[in-house]
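What you see is a predicted model, and the numbers here were worked out from it, not measured in a lab. Lettering of chains follows the sequences in order, A, B, ..., and the numbering in each one begins at 1.
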Number of protein chains: 2
Amino acid sequence: MATTTAKQHQELAKQRYDDFVAECPTRQLLDRISDKWVSLVLIALADGPRRYAEINRAIAGVSPKMLTQTLRTLERDGLVERRITAEVPVRVDYELTALGRSLQPVLSVIKSWAEARMDDVLTARARYDGVSP
Amino acid sequence: MATTTAKQHQELAKQRYDDFVAECPTRQLLDRISDKWVSLVLIALADGPRRYAEINRAIAGVSPKMLTQTLRTLERDGLVERRITAEVPVRVDYELTALGRSLQPVLSVIKSWAEARMDDVLTARARYDGVSP
DNA sequence: CCGGATCCCGCTTGATACTG
DNA sequence: CAGTATCAAGCGGGATCCGG
């Protein structure tokens, strides 16, 4: 044995990164809020509770599967609360928890920087592409 | 023809999302900073200029390819400056631009929330998994 | 009406080897 | 030293169909 170096190295590297992710809160938070739909859902729920179908309509282009998956993750992480009302047909509302609401200022900061500086980024990008297209 | 509905739908949805991304600064910023290596590079450069190999050593588990790719993207976006010194062998330094440095407070806010509240998220997660494993 | 299960495709990641 | 070229694989994200 002792000849599986390649695969072993790969697994070790991946393991190291996984361990790092597992213990780095910032990494975890970034992974959460950078999820394709998470920020949109958080915004959709900012003004109060919403039904599943409402959120689905509010966010253009999200598939039911991804919306459910996103909401489940947020519920699991204690950022969103899921409330089922036994009507016919069933009614399901989603609402931000206190923890979820505490995240809003963070998103707000991100949004502020983006709106203030993203133009500079775009300009730099265009210049870079112009020099070596 | 007129039977390629699946693929067409997919492409339309992707297109809609791409259009949205193209015009939403926040989405763009999130996509940038949430990149696997971007935040690590930004942190590595926080204290001043660094050479390629230094960064490579500072960040465990990054392949040359991904490091280069990350640095190129950051350079393109005007967040990092690349400076080549004609020595033998060649010397290349990377340094945050003013724009790049202006991003640090944003990362700082994210980090603060993560360190303060991520435990709550982890707790909620454990509870959720405990209820329905 | 809500959302779980399954299959599948394409993109990104990353290891590895090579060059100026 | 500072990258580029190539190639394989894993996985995110979506369509589609089915159950509660």
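For B:R51, the side-chain atoms get nearest to D:dA2 when compared with the rest of D:dA15, D:dA2, D:dT4. Of the listed nucleotides (D:dG13, C:dC2, D:dG3), D:dG13 has the atom at the smallest distance from the side chain of A:K65. If you check C:dT13, C:dC7, C:dA15 against the side chain of B:S63, the one that comes closest is C:dA15.
A close approach under 4.0 Å does not occur between any side-chain nitrogen or oxygen of A:Y94 and OP1 or OP2 of C:dC2. Contact annotation: B:W37 side-chain N/O to C:dT12 OP1/OP2 distance is not under 4.0 Å.
A donor-acceptor pair under 3.5 Å is formed between the side chain of A:R101 and the backbone N or O of A:L96. With hydrogens and angles disregarded, no donor-acceptor distance shorter than 3.5 Å links the side chain of B:W37 to the backbone of B:Q69.
Look at OH on A:Y52: it is 12 Å from P on C:dC1, rounded to the nearest Å. When the P atom of D:dA2 is taken as reference, atom CG of B:D93 falls 8 Å away, rounded to whole Å. Following rounding to the nearest Å, B:E87 (CD) and D:dG3 (P) show an atom-to-atom distance of 14 Å. Between the CD1 atom of B:I55 and the P atom of D:dC1 there is a distance of 14 Å, rounded to whole Å. Across the protein-nucleic acid pair, A:D31 atom CG and C:dT13 atom P stand 12 Å apart, rounded to whole Å. Between the CZ atom of B:R57 and the C1' atom of D:dA2 there is a distance of 13 Å, given to the nearest Å. The CE atom of B:M66 sits 17 Å away from the C1' atom of D:dA2 (whole-angstrom rounding). Taking atom NZ of residue A:K36 and atom P of nucleotide C:dC11, one finds them 12 Å apart after rounding to whole Å.
Separating the CG atom in B:L103 from the CG atom in B:L29 is a distance of 6.0 Å, to the nearest 0.5 Å.
We find that A:D31 and A:R27 are joined by a salt bridge, their nearest charged nitrogen and carboxylate oxygen being less than 4.0 Å apart.
Between B:I59 and B:I43, every side-chain heavy-atom pair lies at or beyond the 4.5 Å cut-off. At least one side-chain heavy atom of A:V41 sits less than 4.5 Å from a side-chain heavy atom of A:L67.
When heavy atoms are screened at a 4.0 angstrom cut-off, A:R91 is found touching no nucleic acid atom at all.
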**Study point:** Residues B:R117, A:L99; criterion side-chain contact (heavy atoms from CB on, under 4.5 Å); working and verdict
**Key:** CA-CA 8 Å; B:R117 303 296 214 123; A:L99 191 59; 3.2 Å; yes
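Listed by residue number, B:T68, B:R72, B:R82 are the residues of residues 67-86 of chain B with a heavy-atom contact under 4.0 Å to DNA chain D.
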